[in-house]
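Heads up: the structure comes next, in C-alpha cells.
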Amino acid sequence: MEKLRTPKNIFVQGPISPIKIANSIANHATKTDIGGHSIFLGQVRADEKDGGTVRAIAYTAYEEMALQKAFEIREAVFSKYPLTCMHIYHSLGEVKTGEICLFVFTSSKHRKAAMQACEELVERIKAELPIWGKELVDNDTSVWKENT
Amino acid sequence: MEKLRTPKNIFVQGPISPIKIANSIANHATKTDIGGHSIFLGQVRADEKDGGTVRAIAYTAYEEMALQKAFEIREAVFSKYPLTCMHIYHSLGEVKTGEICLFVFTSSKHRKAAMQACEELVERIKAELPIWGKELVDNDTSVWKENT
Amino acid sequence: MVLTIKVFGKISEEIDQMEFSIENPGNVSALIEKLQAQFPQIQELKYAIAINHQLAKPSEDIPDGAEVALLPPFSGG
Amino acid sequence: MVLTIKVFGKISEEIDQMEFSIENPGNVSALIEKLQAQFPQIQELKYAIAINHQLAKPSEDIPDGAEVALLPPFSGG
C-alpha cells in the first residue's frame, strides 16, 4: 500500500473533507498488522482580528520545494519509527473557518510509534514546509499568518 | 456541544465504522474556535498465536464501573488541558481484524493540548477501564489479551 | 451477610459463572483467602477486586450490600 | 548572468509580483543587499532564501541557473 522512496503529492485543492478522511481510514482495514492509527487534523479558526473575524484562510505554497521537503521529512520519520503507513495532506486555496486544512495520518503495529510520529510530522510540517496562509477577514482585509 | 459533568456512554456494539468517525469530525465544523483535532484509533491485529491467527477480538466490560471510570478520566483530562471537545468510544462484542475497536477524539484551540490530551486518554483508557479482549483464533481456540 | 460477586473475563471463564454468592468475610484480604479455597482454578491468576466500582486495597473493609467484582488484568483498546 | 527569483506570500504581495529577474551578485548576502536596495518595501520583512529548494546560508554561492526563491515565515497547517 505504502512504498518508501516515492515522492507523493500532499496538496489538495480546497478543504479536506471528512469523507476523504473516512475513506483513508477504511483503506487500512486490509492492513491487519496495524494496531493503532494516529490522526491530526488542522481546522481553520474564526480568530478575531482588528475590525473583523477570520472567515477563511487562503493557502499558497512553493510547491516543488514543499514536496521535496515533505519527502525528506517522510523518509526521516519512516526511518526513525516502525511505521506501517504515513499520509500527509495539506490544502491549497481557500479553506473556510470550521473546515480542515491539514490531515496527518500514521499507522503502526503498536500505538506509541504512530502517536509519536504523528506529532513529530505535524511539528515539522508547520516549521519546514514552504506554505503560507493568508487569513481573510470578514471586513475584506487580510493578515498573513506566521507559525510560532 | 460538549458539556462537562455529564456521564456519557462510551460503548458501541461491534466495530466503530469510518463513517461514524467522519460524522464525528464533520460535527465539529460549527465549532470555529477549534484549531486542531487529535484522533487515536485502535485496530484489531491478525497476530500469530500457537496454531493459528487472530481473526477477531470479543470485548466485554464491567460497564457500570467502566463508565464511572471513563467519567473520572474525562473530568481529570478536561481540567488538565484547555480542550474544546473530547469523545471516547470503545467497542463491545466481536470486532474483526482490520476493524476499529477504540476511537479517542480531542479538539482544542491550539494543537498541543489536543495531542497531549489524546495520548494521555489512550494510556489511561488502556490502563484503567475494566474492559477485556478475548482474541479469537482461527483454529477455534482463544486467548485473553493483557495490556502491558 | 451474603455478598453477590460479579466476575469478568478469564476468571469468569475459569469458574464458569458471571456472578456467585459468598458470605461476607469482612475485608478484601479475607475475601481473597476464601476465594482461593473455594476456586482453586483461579489461585494462579491475577485479579483485582473492586468495591462499588472502585479498586480496593487488601485491608479495605467490605460493607454489607456492596457491589464486589473480580477483575482480571484489563485489556481494552 | 541573470537569475529568476520566485517570490511568495507577503513578500510577493509587497512587491506585487510572483517572480522577477536580477543580475546574479554571486552569493546570498550580496543578493540580500541588492534586494534591499531594489525593494525598500521589504527591508523590514523577514524572509529566507532558498537555492534549488534548499534553505541557503548568507555565505552560500549562487550557481548560475539556480532556482532562487524568497520565502517569508512559513504558516502552513
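Here the structure is a predicted model, which is why all the values come from computation and not from measurement. Order of the sequence lines sets the chain letters (A, B, ...), proteins ahead of strands, with each chain counted from 1.
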**Request:** Please report the closest heavy-atom contact between C:His53 and B:Met65, naming both atoms and the distance.
**Result:** O-CG, 3.4 Å
**Prompt:** CE of C:Met18 to OG1 of B:Thr60: how many Å apart, nearest 0.5 Å?
**Reply:** 7.5 Å
**Fill in**
Cut-off 4.5 Å, heavy atoms of chain C, and the answer for B:Ile131 is both
**Asked** Got more than 12 heavy atoms from elsewhere within 6.0 Å of CD, C:Glu23?
**Response** yes
**Within 6.0 angstrom of B:Lys96 NZ, more than 12 heavy atoms from elsewhere** = no
**Request:** Would you indicate whether the side-chain heavy atoms of C:Pro72 and B:Trp132 approach each other to under 4.5 Å?
**Result:** yes
**Message:** Does B:Asp140, at its CG atom, have more than 12 non-hydrogen atoms belonging to other residues, nucleotides or ligands within less than 6.0 Å?
**Reply:** no
**Fill in**
Of B:Pro130, B:Gly42, B:Ala66, B:Ser91, the largest count of non-hydrogen pairs under 4.5 angstrom with chain C goes to B:Pro130
**Item:** Euclidean distance, B:Gln68 CD relative to C:Asn52 CG, rounded to 0.5 Å
**Value:** 10.5 Å
**Request:** Enter the distance from B:Glu72:CD to C:Gln54:CD here, rounded to the nearest 0.5 Å.
**Result:** 5.0 Å
**Message:** If I measure from the heavy atoms of chain C, does B:Lys126 come under 4.5 Å with its side chain, its backbone, both, or neither?
**Reply:** both
**Considering all heavy atoms, the nearest C:Lys6-B:Tyr62 contact** = CD-CE1, 3.9 Å
**Item:** Distance-minimising heavy-atom pair for C:Phe74 and B:Ala127
**Value:** CD1-O, 3.2 Å
**Request:** Determine yes or no for a side-chain-to-main-chain donor-acceptor pair under 3.5 angstrom, with B:Asn147 supplying the side chain and C:Gly76 the backbone.
**Result:** yes
**Asked** Are there more than 12 heavy atoms of other residues, nucleotides or ligands under 6.0 Å from atom CD of C:Glu33?
**Response** no
**Asked** So, are C:Lys46 and B:Glu146 salt-bridged, with charged N and O less than 4.0 Å apart?
**Response** yes
**Complete:** So, the part of B:Leu129 with a heavy atom under 4.5 Å from chain C: the answer is backbone
**Item:** For the student: nearest non-hydrogen atoms of C:Ser75 and B:Gly133, plus distance
**Value:** OG-N, 2.9 Å
